[in-house]
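Counting begins at 1 with the first residue of the sequence.
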Amino acid sequence: MYPYTLSQWLFLFYFYCFLGWCVESTHVSIRQKPPHWVNRGFIRGPFLPLYGSGAIMMLVVSAPFQHDLFLTYVAGCIGATVLEYITGVTMEALFKVRYWDYSEQPFNFQGHICLGTTLAWGGLTILMTRIIHKPIEGLLYMVPENLLSILTFVLTVFIAADFALSFRAALDIRDILIAMEKVKEEMAHMQKRLDVILAVTGEEIGQYRSAAEVRVEELTESIEGKLYGIKERIQIHPGEYLESAKNEALEIRDRFMNIRYRVSELKTIKDHWKRSMILGNPGMKGSAKVRFSLEELKEAVKEKLNRTY
């Protein structure tokens, strides 16, 4: 085991969090079309805790096999994959969002891990323990323990505060997504009731999909079309509808107008922390139930950003 003090372990964790942020943010920024800077990660500061955790994990699991290259590789593959899977499952359970997704990669498991990444983790463990970490360790020993303690204390306070705000923002985004799904379910019910009213005049009832499988815009267009159709039919053939059907159509129209306002409010994210989290994770995907809602939310945030500039 590495003979590091608590302050030294913390310094290494924060250093690799920062190094991972530099690499990941640069990589993601270059891949954007057009290329532009993306402050990647769950927290807003220049740190990616998953990379810091991964680096420390690589050091720990490979420590017993420092003189065996193959076992170092295997330990890195297993340790990093387990860490990535547990982190991915936990974050999706908490926030209804995947911050990375390997669903389109071959030999993936639940989209949280895949064979290619697992093999890469093993290679990175060898690179980490045999090349990268040695000069970092030399730098670590050059820093006086007192100075290191102060530095890690300041970084701990900063990152803890950042994480708390980011955690709250992620929960708020989750609540917005859940609220959008409830709105879509209400709109889907309206759509069915309008089809029943239209069926009185022989109109064909539409085919329905689950509310989770459609976008708000699609439901909005459908309801608007049906309301307009009913209005026209009433004007041309007022005797075809019972008074109760007319009243129900008017009631649905009023509820629909309120829902449109609620949707607009849900998509208008004024909080900088929540907007930054969405923009900082362009590849994140919602779980099956909130997938389309998250895409619409991301589009709304990007559109607002484009209008600002």
message: I'd like to know if the side chain of Ser149 reaches the main chain of Glu145, judged simply by a donor and an acceptor atom lying under 3.5 Å from each other, with no hydrogens or angles considered.
response: yes
Quiz item: Hey, are Tyr228 and Glu224 close enough side-chain-wise for a donor-acceptor pair under 3.5 Å?
Solution: no
Atom CD of residue position Glu232 - does it have more than 12 heavy atoms of other residues, nucleotides or ligands inside 6.0 Å? yes
Closest heavy-atom pair, Ser29 versus Val38, reported as atoms and distance to 0.1 Å, is OG-N, 2.8 Å
> Between Lys226 (side chain) and Gln191 (backbone), is there a donor-acceptor pair under 3.5 Å?
Replying inline: no
- Would you say Val97 and Arg174 make side-chain contact, with heavy atoms under 4.5 Å? no
Is there a side-chain contact between Ile278 and Met284 in this structure, where contact means two heavy atoms from C-beta onward sitting under 4.5 Å apart? yes
Which of Val23, Val28, Leu279 passes side-chain contact (heavy atoms from CB on, under 4.5 Å) with Arg40? It is Val28
To the nearest 0.5 Å, atom OG1 of Thr220 lies from atom NZ of Lys184 at 10.5 Å
When every non-hydrogen atom of Pro49 is compared with those of Phe13, the smallest separation belongs to O-CE1, 3.8 Å
Check your understanding: Hey, does Met190 have a side-chain heavy atom less than 4.5 Å from the side chain of Ile259?
Key -> yes
*asked:* Checking the side chain of Thr72 only, and the main-chain atoms of Asp68 only, is there a donor and an acceptor separated by less than 3.5 Å?
replied: yes
Any donor-acceptor pair under 3.5 Å from Arg98 side chain to Gly283 backbone: no
CG (Leu119) and CG (Leu124) are apart, to the nearest 0.5 Å, by 12.5 Å
Non-hydrogen side-chain atoms of Leu194 and Ile252 separated by less than 4.5 Å:
yes
### Task
Report yes or no: do Ile86 and Leu94 belong to one cluster of Ile/Leu/Val/Met/Phe/Trp/Tyr joined by side chain heavy-atom distances under 4.5 Å?
no
Arg215 and Glu299 have their tightest heavy-atom pair at NH2-OE1, 2.6 Å
* Decide yes or no for Thr156 and Tyr14: does some side-chain heavy atom of the first lie under 4.5 Å from some side-chain heavy atom of the second? => yes
| message | With a 4.5 Å cut-off on side-chain heavy atoms, are Val216 and Val183 touching? | response | no
- Query: Is it true that Arg262 and Glu186 have a side-chain N and a carboxylate O under 4.0 angstrom from each other?
  - Reply: yes
* To do: Using the six-membered ring wherever Trp is involved, compare the ring planes of Tyr85 and Phe109 and label them parallel, tilted or perpendicular (cut-offs 30° and 60°).
  => tilted
Q.
Measuring centre to centre across the rings, with the benzene-like ring taken for any Trp, is Phe42 within less than 6.0 Å of Phe95?
A. yes
Query - Side chain proximity check, Trp9 to Leu59, heavy atoms < 4.5 angstrom - result: yes
Students should find that the hydrophobic cluster of Leu165, defined by side-chain heavy atoms under 4.5 Å apart, otherwise consists of Trp273
>> Which label fits Trp21 and Trp37: parallel for a plane angle under 30°, tilted from 30 to 60°, or perpendicular past 60°?
In response: perpendicular
* Please determine if Glu295 and Lys298 form a salt bridge, counting it only when a charged side-chain N lies under 4.0 Å from a carboxylate O. => yes
Within a strict 4.5 Å, meaning less than it, do heavy atoms of the Tyr4 and Leu140 side chains meet?
yes
Rounding to 0.5 Å, atoms CG (Leu10) and CG (Leu155) come to a distance of 9.5 Å
Between side-chain atoms of residues 285-294 and protein atoms elsewhere (two or more places apart, or another chain), which donor-acceptor pairs fall under 3.5 Å?
| from | atom 1 | to | atom 2 | distance (Å) |
| --- | --- | --- | --- | --- |
| Ser287 | OG | Lys96 | O | 3.4 |
| Lys289 | NZ | Glu185 | OE2 | 3.4 |
| Ser293 | OG | Glu181 | OE2 | 2.5 |

>> Please tell me whether Phe256 and Tyr261 are part of a single hydrophobic cluster in this structure, the criterion being side-chain heavy atoms less than 4.5 Å apart.
In response: no
Using a 3.5 Å cut-off and no angle test, enumerate the donor-acceptor pairs between side-chain atoms of residues 111-118 and protein atoms at least two apart in sequence or in another chain.
| from | atom 1 | to | atom 2 | distance (Å) |
| --- | --- | --- | --- | --- |
| His112 | NE2 | Glu92 | OE1 | 3.2 |
| Thr118 | OG1 | Thr81 | OG1 | 2.9 |
| Thr118 | OG1 | Cys114 | O | 3.1 |

Separation between CE (Met57) and CD1 (Ile78), nearest 0.5 Å, reads 10.5 Å
Q. Does Tyr16 reach the main-chain N or O of Leu48 with its side chain, forming a donor-acceptor pair under 3.5 Å?
A. no
Closest heavy-atom pair, Ala80 versus Trp121, reported as atoms and distance to 0.1 Å, is CB-CG, 3.3 Å
Say whether, by atom type as modelled, one donor and one acceptor occur between the side chain of Asn39 and the main chain of Arg44 under 3.5 angstrom.
yes
Does CZ in Phe65 sit with more than 12 non-hydrogen atoms of other residues, nucleotides or ligands closer than 6.0 Å?
yes
